[in-house]
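So the structure is just underneath, and the comments pick up after that.
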Amino acid sequence: MVRIENYSLNRVPQTQRVSLLSVAIVHMGMLTALDQFMLGAVLGDSMALIDAFIAILIGSLIFGIITFGLGFVGMREGLPGSLLARWCGFGRIGSVLIGLIVAISLLGWFGIQNAIFAHSLNFASNNKLGFGLSAALSGTLLTTLVAFGFKALRFTARIAVPLFILLVAYISTTVLSGNMNQQLHKIIELPHSGDTLSVSAGITIVVGGAVVASLMTPDLTRYTKSGKHVFGITLLTIIAGEFVINGLAILIAKTLNTSDVVTIMSQAAGGAGLLVVVFSTLRVNDLNLYSSSLGIINAVEGITGKKLRYPPTTVVIGILGTLLSILGILERFVDFLTVLGVVFPPIIGIMLVDYYILRSHRKVLDESREQGALPRETPTIGWAAIIASVIGSVIGLGIDWGVPAINSLLLSSLSYGLFKLVCKRV
């Protein structure tokens with residue numbers, strides 16, 4: 001097991017590096033969860049089968065390139081992503097702002113996962129509770145568990161992943177049983193019942209569903225031993241999360257003609273399916289709420305110097321996430337993924353351009369790496385990186401031409417390079 005709580009503010013020494021499999025299991029866990037199944041179900045219910053798999057293929061290619069690039073930096077420097085950002089364009093305050101953006105995105109994921117939990121609870125009560133009350137109850141329960149550290153969450157985390165994988169395997173076997181060639185031919189001809197998504201929009205939400213994991217990859221790959229390990233981890237995660245979980249979800253959603261996860265699970269596996277949904281949302285939202293709380297605390301401390309207490313912060317964030325559930329964030333799932341797929345690629349693109357091409361702080365990184373320490377000089381704030389990332393995000397969201405995720409990634413990277421070139425000449 002990778003002990004990611006260690007070395008949060010310093011380099012991971014080579015003596016503490018672990019095997020490829022140890023890191024790969026943790027990394028794959030980020031994309032072999034209920035949220036990826038939800039994403040695949042949306043693609044299957046909103047796109048033709050071929051278009052959906054094209055979106056996964058291109059989205060996975062983008063995810064693979066930026067994840068490997070950033071993961072390799074984490075392995076080489078032995079540093080987590082939040083620290084790397086300080087010497088990859090953003091500076092200390094810029095890295096704090098990135099942490100804040102990640103925390104807010106996790107708050108959104110909390111609201112979405114809690115809404116799924118609430119739908120399951122309401123379905124089990126035969127609609128007697130109502131969605132609003134169900135969301136309030138589930139959000140309050142999980143917030144209380146996380147805020148006060150009840151050990152029950154450890155139990156759900158241990159059983160949720162294997163149960164979810166077994167459930168997906170069971171549903172796939174049940175729904176897609178028979179002659180696979182005939183089944184696939186029928187599925188290809190099935191029309192989609194949801195709102196139509198273009199291939200470019202599908203690519204962007206595929207990137208949006210995985211891009212937070214890309215930014216968190218250095219937190220794990222700093223424990224790896226070589227670039228080959230980073231490549232293997234990236235490839236295994238793409239295969240498991242994008243092609244297996246997403247791919248099966250696409251086929252199942254088209255066959256059952258719905259993108260509603262609760263409906264899929266209840267139709268295919270009955271009460272057992274709903275129980276696994278509940279355990280899966282508990283497992284994912286435990287991490288979402290915990291990480292979001294820590295991110296907010298770190299951001300406030302980095303900007304103001306004041307340290308918030310963990311339990312009250314968690315309660316406030318849990319209330320906000322529950323409110324998002326009640327207000328209907330699940331109905332804006334595609335919009336949420338689109339925003340993630342446009343906002344996060346610029347951050348990663350700028351970090352990669354700064355580290356590999358501009359090499360603004362490579363000298364101090366190299367010198368300090370030989371000593372096993374952090375660089376003595378830390379830039380306060382990288383205005384060029386912040387402005388370029390805003391430009392890329394705004395253009396990615398505002399322009400319909402092309403693929404928004406690629407537009408924001410390329411435009412922010414080019415803008416950052418030009419800004420740095422102009423600043424250097426001035």
Side-chain angles (χ1 to χ4, degrees), residues 4-5 29-30 33-35 38 82 96 98-125 129-161 209 212-213 216 261-262 274-275 277-304 306-333 335-337 339-340:
I4 57 176
E5 71 273 18
M30 292 192 288
L34 184 63
D35 47 5
M38 292 166 55
S82 58
V96 169
I98 292 174
L100 185 61
I101 293 172
V102 172
I104 293 173
S105 72
L106 294 176
L107 174 63
W109 276 118
F110 177 89
I112 288 171
Q113 297 286 348
N114 186 60
I116 294 293
F117 191 158
H119 276 298
S120 302
L121 187 61
N122 188 43
F123 186 89
S125 70
L129 289 175
F131 173 73
L133 179 58
S134 299
L137 289 174
S138 58
T140 301
L141 170 65
L142 187 60
T143 301
T144 303
L145 290 174
V146 176
F148 299 100
F150 289 166
K151 294 183 179 180
L153 286 172
R154 296 181 183 179
F155 172 74
T156 60
R158 289 172 182 170
I159 68 173
V161 175
V212 178
M216 296 170 66
V261 172
V262 174
L274 291 179
L275 187 62
V277 170
V278 168
F279 276 126
S280 297
T281 52
L282 279 173
R283 175 251 177 184
V284 173
N285 260 355
D286 167 26
L287 296 174
N288 287 338
L289 190 55
Y290 176 74
S291 299
S292 183
S293 300
L294 291 183
I296 296 293
I297 291 171
N298 292 334
V300 170
E301 184 179 19
I303 296 174
T304 68
K306 296 180 180 180
K307 188 172 183 179
L308 302 176
R309 293 178 60 235
Y310 173 73
T313 304
T314 304
V315 170
V316 171
I317 293 175
I319 292 172
L320 292 175
T322 303
L323 184 60
L324 287 176
S325 301
I326 296 173
L327 292 176
I329 189 173
L330 183 60
E331 281 67 42
R332 307 305 298 265
F333 183 53
D335 295 333
F336 176 70
L337 291 181
V339 171
L340 294 186

Donor-acceptor under 3.5 Å (S292 side chain, L289 main chain): no

N/O donor-acceptor pair under 3.5 Å between N114 side chain and T322 backbone: no

Spacing of F117 atom CZ and L34 atom CG [to the nearest 0.5 Å]: 12.0 Å

Non-hydrogen atoms of I329 and G111 that approach each other most closely: CG2-C, 3.6 Å

Nearest-0.5 Å distance that lies between atom CG in L121 and atom CZ in F131: 10.5 Å

CH2 on W109 to CG on L337, rounded to 0.5 Å: 4.5 Å

Validation row: L106, F110 side chains within 4.5 angstrom (heavy atoms): no

Closest non-hydrogen atom pair between A135 and S325, with its separation: CB-CB, 4.2 Å

Gap between atom OG of S82 and atom CE of M216 - 0.5 Å precision: 10.5 Å

Point-to-point distance, once rounded to the nearest 0.5 Å, from CD1 of I297 to OG1 of T313: 4.0 Å

Gap between atom CG of L340 and atom OG of S105 - 0.5 Å precision: 6.0 Å

Closest non-hydrogen atom pair, T143 against G318: OG1-CA, 3.3 Å

Any side-chain heavy-atom pair of L330 and H119 under 4.5 Å: yes

Contact check, side chains of L107 and I317, non-hydrogen atoms, under 4.5 Å: yes

Test side chain to side chain contact (heavy atoms under 4.5 Å, CB included) applied to V316 - qualifying residues, sequence neighbours left out: L320

Note, I112 side chain near D35 side chain (heavy atom, < 4.5 Å): no

Nearest atoms (heavy-atom pairs only) where S125 meets N122: OG-O, 2.9 Å

